Amino acid sequence: MLRLASETEVRWAEASVDDLPYLLVEQAHLEKKAAAAAIAFMFRYPDHLVLQEPLSELAREELEHFELVLAAMRARGIEFVRQRPSTYAQRLLEIVRPTEPEKLLDQMLCNAAVEARSCERMMLLSRALRGIDDELADLYHGLVGSEARHHELYVDLAKRIVDPAEVEQRLQSVMQHEAEVVATAPSSPGLHNQR
Ligand SMILES: [Fe+2]
Ligand SMILES: [Fe+2]
């Protein structure tokens, strides 16, 4: 269960698949960033041993996704170039409270929200790509399961550090905030923007 507070419209995915180079370059950057976010947690909170192994595994999976996307780009003659990041993550993190342990909880739930939104949109992309680029549709379909698991993992890990009832309550606020960020995102292609 993804617990998103809003649903992306199918026409977002239909419009996004019109610009595959943009979509795939962004996807590659996002996978790399997801790995970096997990590793950053491991370094920021070395005393929370419960985080270390699961996040190491998650980071490894994200780097595998990164390599899969790079291979898909190479096969389509798309170059991995720098891209102006969307404001999605930055705006999402505005909800993070400045002091611990609230800071840890909020950051974990923001990561859970990113994983959930990515999962939801990859599913839509996989459907929209069917018949246009079946190989890419399969690639997105294959990523959906991992991102759903990553979403759950961030919530579960938070519950091992903070009172589970507090995690559930805060998760609702973070998801509500995430839905507002998405609803007011600039209109441009990509996983974390509107169309
Ligand atoms: Fe991923
Ligand atoms: Fe992920």
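Model, not experiment: these values are computed from the prediction.
Between Glu168 and Lys159 a salt bridge is recorded (basic side-chain N to carboxylate O distance below 4.0 Å). Under 4.0 Å is where a charged nitrogen must lie from a carboxylate oxygen, and between Glu57 and Arg60 no such pair does.
Between Tyr45 and Val50, the closest side-chain pair of non-hydrogen atoms is not below 4.5 Å. A heavy-atom distance below 4.5 Å is not found between the side chains of Leu153 and Glu115. Contact annotation: the side chain of Leu125 approaches that of Trp12 to within less than 4.5 Å [non-hydrogen atoms, C-beta and beyond]. Within the 4.5 Å cutoff, the side chain of Val181 has heavy atoms near those of the Tyr88 side chain. Between Arg74 and Glu79 the shortest side-chain heavy-atom distance does not fall below 4.5 Å. In this structure, His150 and Glu147 have side chains that are in contact, with non-hydrogen atoms separated by less than 4.5 Å. Annotation: side chain of Gln27 is in contact with side chain of Leu143 (closest heavy-atom distance under 4.5 Å). Looking only at side-chain heavy atoms (C-beta outward), Met175 and Arg170 stay at 4.5 Å or farther from each other.
Pairs passing the salt bridge (Lys or Arg N to Asp or Glu O under 4.0 Å) check and including a residue from residues 133-145, sequence neighbours excluded, read Arg76-Asp133, Arg76-Glu135, Arg130-Asp134, Arg130-Asp138.
A side-chain contact (heavy atoms from CB on, under 4.5 Å) with His151 holds for exactly one of Leu2, Asp156, Leu4; it is Leu2.
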Give the intermediate values and the outcome of salt bridge (Lys or Arg N to Asp or Glu O under 4.0 Å) for residues Lys32 and Glu62. CA-CA 7 Å; Lys32 194 164 69 157; Glu62 300 293 19; over 6 Å; no
Could you walk me through whether Glu152 and Arg149 pass salt bridge (Lys or Arg N to Asp or Glu O under 4.0 Å), step by step? CA-CA 5 Å; Glu152 291 291 342; Arg149 223 171 351 91; over 6 Å; no
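Ring geometry for Phe66 versus Phe80: interplanar angle over 60°, hence perpendicular rather than tilted (30 to 60°).
For Glu100, there are no salt bridge (charged side-chain N to carboxylate O under 4.0 Å, His left out) partners, not counting sequence neighbours.
Side-chain N or O atoms of His177 include one that pairs as donor or acceptor with a backbone N or O of Arg91 at under 3.5 Å.
Interatomic distance, Thr8 OG1 to Leu124 CG, rounded to the nearest 0.5 Å: 6.0 Å. Once rounded to the nearest 0.5 Å, the distance linking CE of Met122 with CZ of Arg117 reads 12.5 Å.
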